[in-house]
Amino acid sequence: MRQADPSWDALLEVALDAATSAARHIVDARPRGPLAIAATKSSATDIVTVMDQQAERLVVERITAARPEDGFLGEEGAQVDGTSGVTWVIDPIDGTVNYLYEIPAYAVSVAARVGEEVVAGAVVNPATGETWSAVRGRGARLDGHPVRVNTPPELAMALVATGFGYGSVRRARQAQVLLTVLPRVRDVRRAGAASLDLCALACGRVDAFYEQGLKAWDLAAGGLVAEEAGAVVGGLRGRPAGEAMVVAAPSGLFEELSAMLAELDADVTDEGEIDPA
Ligand code: LIP
């Protein structure tokens, strides 16, 4: 396990403070009645609510107050090049469609990156009141208690979480991949928020996870929690985890699942090419 730097613990405290405050806000300040859609992104179903924007602003404000030199990379547009070498990677509401439909599976995800390495992260689901956290080299926790991934079952006995993009071309191809995956695993779960899928893996609620099309903010904090709980988090063909593909599972199952997904070209782009890493 990577040697932890004492300064990373302080970054976790900042992540927990910001994520917990934003999580409280998106529940307490949610307007009654239908939620206003502020904008759409890659498709008509890829929505941004006013609460996504407010939550991101709140996270940036709280972290800037504590650490004015840091940078930001947020899903809703926060983009600041800091001078401290620390960049905060923020998904203010991961699982926005669940939030819109009041399905209790959405989270505020905040991670600290030093250079290109995520070193601390928090994922807070305000609907369940659960908080996952991790510091690189110090393990992963749920509500303060250590968590570990399951002992890897063989693929045929694995409960696998996955997700689908917002574009119909990608969804059609992801459905094709699923046609092969489904009969070869125990079952599939589609929770609707990658950060929560990775945290579910970390505490043994699923055995593995894979998804194509995830952005840095979907992956940063949840990926660290999963790694610190004992999962391998990577891409296909020996590549790192990224938009092309994310596979996360304990060693042994990771290789079996990745081999099947590579065989299916599950990381092929909408244009039919292998996504550049
Ligand atoms: C969501 C991801 C999820 C994916 C959805 C969406 P968002 O992020 O967490 O895994 O399947 O299509 O991308 O848009 O709610 O932040």
Side-chain angles (χ1 to χ4, degrees), residues 19 22-23 26 30 35 37-57 59 73-78 88-111 121-128 130 132 160-175 177-178 181 188-202 205-206 208-226 233 235 241-249 261 266-267 269-270 275:
I26 62 174
R30 182 190 174 118
L35 193 56
I37 305 300
T40 58
K41 296 185 279 189
S42 63
S43 78
T45 58
D46 185 2
I47 56 151
V48 184
T49 73
V50 289
M51 299 309 290
D52 290 82
Q53 296 170 330
Q54 288 179 15
E56 184 159 300
R57 269 199 301 277
V59 168
L73 172 64
E75 176 171 11
E76 307 315 341
W88 295 89
V89 184
I90 307 163
D91 192 333
I93 306 182
D94 188 27
T96 299
V97 173
N98 286 348
Y99 179 73
L100 179 71
Y101 284 79
E102 299 193 74
I103 299 168
Y106 51 85
V108 179
S109 173
V110 177
V123 175
V124 180
N125 178 344
T128 62
E130 291 176 310
W132 285 269
V160 177
T162 192
F164 313 108
Y166 286 114
S168 55
V169 173
R170 174 160 289 172
R171 294 169 72 79
R173 212 184 43 266
Q174 290 171 322
V177 168
L178 196 58
V181 170
V188 161
R189 293 291 179 268
R190 196 305 190 237
S195 60
L196 291 177
D197 288 325
L198 289 158
C199 289
L201 170 66
R205 293 175 188 171
V206 296
F209 167 69
Y210 78 90
E211 186 164 353
Q212 179 190 38
L214 295 177
K215 306 287 187 187
W217 41 76
D218 296 313
L219 183 59
L224 179 67
V225 169
V233 179
E243 193 161 347
M245 180 57 75
V246 174
V247 182
L261 293 169
D267 56 346
T269 67
D270 298 358
D275 250 347

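FYI, the numbering just counts along the sequence from 1. Counting convention: from 1, in listed order, for ligands and their atoms alike. We use all heavy atoms of the structure for the numbers below, so side chains are in, but hydrogens, waters and symmetry mates are not.
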What do you reckon, does Asp52 put a non-hydrogen atom under 4.0 Å from ligand 1?
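False for this residue.
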For Lys215, state whether at least one heavy atom is located under 4.0 Å from any atom of ligand 1.
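In this structure, Lys215 fails to qualify as a contact of ligand 1 - no heavy atom is under 4.0 Å.
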Nearest protein heavy atom to [atom], by residue and atom, and its distance?
atom                    : answer
atom 15 (O) of ligand 1 : Gly95 N, 2.7 Å
atom 16 (O) of ligand 1 : Glu75 OE1, 3.1 Å
atom 8 (O) of ligand 1  : Asp94 OD1, 3.1 Å
atom 6 (C) of ligand 1  : Tyr166 OH, 3.5 Å
atom 10 (O) of ligand 1 : Glu211 OE1, 2.9 Å

Identify, by atom number and element, the atoms of ligand 1 in contact range of [X], meaning under 4.0 Å from any of its heavy atoms.
X      : result
Ile93  : 16 (O)
Asp91  : 16 (O)
Ala194 : 2 (C), 3 (C), 9 (O), 10 (O)
Ala193 : 9 (O), 10 (O)
Arg190 : 4 (C), 11 (O), 12 (O)

Mind checking whether Thr96 contacts ligand 1 via backbone (N, CA, C, O), side chain (CB onward), both or neither, at a 4.0 Å heavy-atom cut-off?
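Near ligand 1, Thr96 shows its backbone as well as its side chain.
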Region of Phe164 that comes within reach of ligand 1 [heavy atoms, distance under 4.0 Å]
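Only the backbone of Phe164 comes within reach of ligand 1.
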Qualifying residues under salt bridge (Lys or Arg N to Asp or Glu O under 4.0 Å), relative to Glu56, sequence neighbours excluded
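Here no residue qualifies.
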Where do Thr96 and Thr49 land on the side chain to side chain contact (heavy atoms under 4.5 Å, CB included) test, with the steps shown first?
CA-CA 8 Å; Thr96 299; Thr49 73; 4.0 Å; yes
Residues forming a side chain to side chain contact (heavy atoms under 4.5 Å, CB included) with Lys215, sequence neighbours excluded:
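By the side chain to side chain contact (heavy atoms under 4.5 Å, CB included) rule, Lys215 matches Trp217, Asp218, Glu243.
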